[in-house]
Amino acid sequence: MTGLPMIWGLGLAAILFVLGLLGVLVRRNILFMLVSLEVMLNAAGLAFVVAGARWGDADGQVMFLIILTVAAAEVAVGLALALQLFRRTGSVDADAAMRLRG
Amino acid sequence: MTAAFLIAAAVAVLTTALALTRSNAVHALLYLVVSLLAVAVVFFLYGAPLAAALEIIVYAGAIIVLFVFVVIMLNLGPEATEQERRWLQPDIWVGPSLLAAVLLVELAVLLTDGSAAAAGVVGPAGTRAVEARAVGIRLFGPYLLAVELASFLLLAGLVGAWHLGRRPWQGSPAREEEGEAP
């Protein structure tokens, strides 16, 4: 472990996660909702890395790599969905998806 | 090192809050890049240099560029040129630049200061950084199955993004809807 207390890093992760959660709840622009999801995933990765550093173990960074993969796949599919939403409804407002019909 | 953590954490929280409250997507992405760089500094301070490097390469490099591409594709309106003119004003980019400069100064201090090398590769007694070598051995040893699953996930993401992102076919119902969209 390094000299930094673990609780600081976990606190930073919690703050970032809450910020991302608020972003998802407050913003209606689907691009900003995706950005908020990225912030939340990043905060989760930060928590894993900090906890791994606490025990001097590599598992935290392994989990961070997997979270990174999930984030990359999620943002690729999410942005493709945002593009389709924009093409079909002409806006990036998440509520515009109500006008979709099967 | 405590001060370095506090500065990086403050920059991270501030830029994240600013990013999520911007009305312009590109301004938000500028702040988000600085936020990710600050989190990378925090990773470095916690003795995870591989995670810090990947945070910059994959998050700030690849994912943000994806966002920028999509914003470019969505922003083909008539107000694009007016927006371009407004982006050249310094008050748009001076905020992210200043915060990034704070991180740069902090990183320079950390790299030159001998005692702060505790965060990096060579730590003093009692500290131990988890290096890329250890992560790689763990990743391709007990976690080999997870690596394969991650490759499956990336392939699924690739196929899904291609399928969702292509233009609708000629004469398909989606085409007509596109025509009558406002």
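To find a chain, count down the sequence lines: A is the first, B the second, and so on, and within it residues start at 1.
- Heavy-atom distances place both the backbone and the side chain of Leu46(A) under 4.5 Å from chain B.
- Residue Asn29(A) does not touch chain B at all, counting heavy-atom pairs closer than 4.5 Å.
- By the neighbour-count criterion of 12 heavy atoms within 6.0 Å, atom CZ of Phe5(B) is densely surrounded, having more than that number from other residues, nucleotides or ligands.
- Contact record, Ala72(A) with Leu154(B): CB-CD2, 4.4 Å, taken as the closest heavy-atom pair.
- Contacts of Leu12(A) with chain B are made by side-chain atoms alone, with heavy-atom separations under 4.5 Å and no backbone atom involved.
- Nearest heavy atoms, Gln61(A) versus Gly47(B): NE2-O, 4.1 Å.
- Proximity to chain B involves both the backbone and the side chain of Leu19(A), based on heavy atoms less than 4.5 angstrom apart.
- Nearest heavy-atom pair, Ala25(B) versus Leu31(A), reported as atom, atom and distance to 0.1 Å: CB-CD1, 4.5 Å.
- Residues Leu16(A) and Val39(B) are in side-chain contact: their nearest non-hydrogen atoms beyond the backbone lie under 4.5 Å apart.
- Interface check for chain A: of the options Ala146(B), Ala156(B), Gly160(B), Ala150(B), the most heavy-atom pairs under 4.5 Å are formed by Ala150(B).
- Of the residues considered (Leu54(B), Leu149(B), Val159(B)), Leu54(B) shows the highest number of contacts with chain A, using heavy-atom pairs under 4.5 Å.
- Neither the backbone nor the side chain of Val26(A) comes within contact range of chain B, judged by heavy atoms closer than 4.5 Å.
- With a 4.5 Å cut-off on non-hydrogen atoms, Ala19(B) touches chain A through its backbone but not through its side chain.
- Here the side chains of Val135(B) and Leu65(A) are in contact, with some heavy-atom distance below 4.5 Å.
- Among all heavy-atom pairs drawn from Ala161(B) and Ala76(A), the shortest one is CB-O, 3.8 Å.
- Neither the backbone nor the side chain of Ser35(B) comes within contact range of chain A, judged by heavy atoms closer than 4.5 Å.
- Ala13(A) does not touch chain B: none of its heavy atoms, backbone or side chain, sits under 4.5 Å away.
- At distances below 3.5 Å, at least one donor-acceptor pair connects side-chain atoms of Tyr46(B) with backbone N or O atoms of Gly9(A).
- Between Phe86(A) and Met73(B), every side-chain heavy-atom pair lies at or beyond the 4.5 Å cut-off.
- Heavy atoms of Val77(A) lying under 4.5 Å from chain B belong to its backbone as well as its side chain.
- Residue Glu74(A): no heavy atom, backbone or side chain, is found under 4.5 Å from chain B.
- Counting only heavy atoms from C-beta outward, the side chains of Val35(A) and Tyr31(B) never approach each other to under 4.5 Å.
- The aromatic rings of Phe43(B) and Phe64(A) lie perpendicular to each other, with more than 60° between the two planes, well past the 30° mark.
- Using a 4.5 Å cut-off between heavy atoms, Leu155(B) makes no contact with chain A at all.
- Contact of Leu41(A) with chain B is made through backbone and side chain together, with heavy-atom distances under 4.5 Å.
- Contacts between Val13(B) and chain A at a heavy-atom distance below 4.5 Å involve backbone atoms as well as side-chain atoms.
- With hydrogens and angles ignored, the 3.5 Å screen pairs a side-chain donor or acceptor of Gln84(A) with a backbone N or O of Arg166(B).
- Residues Arg138(B) and Asp57(A) have side chains in contact (heavy-atom distance under 4.5 Å, counting atoms from C-beta outward).
- Nearest heavy atoms, Val75(A) versus Phe67(B): CG2-CE1, 3.4 Å.
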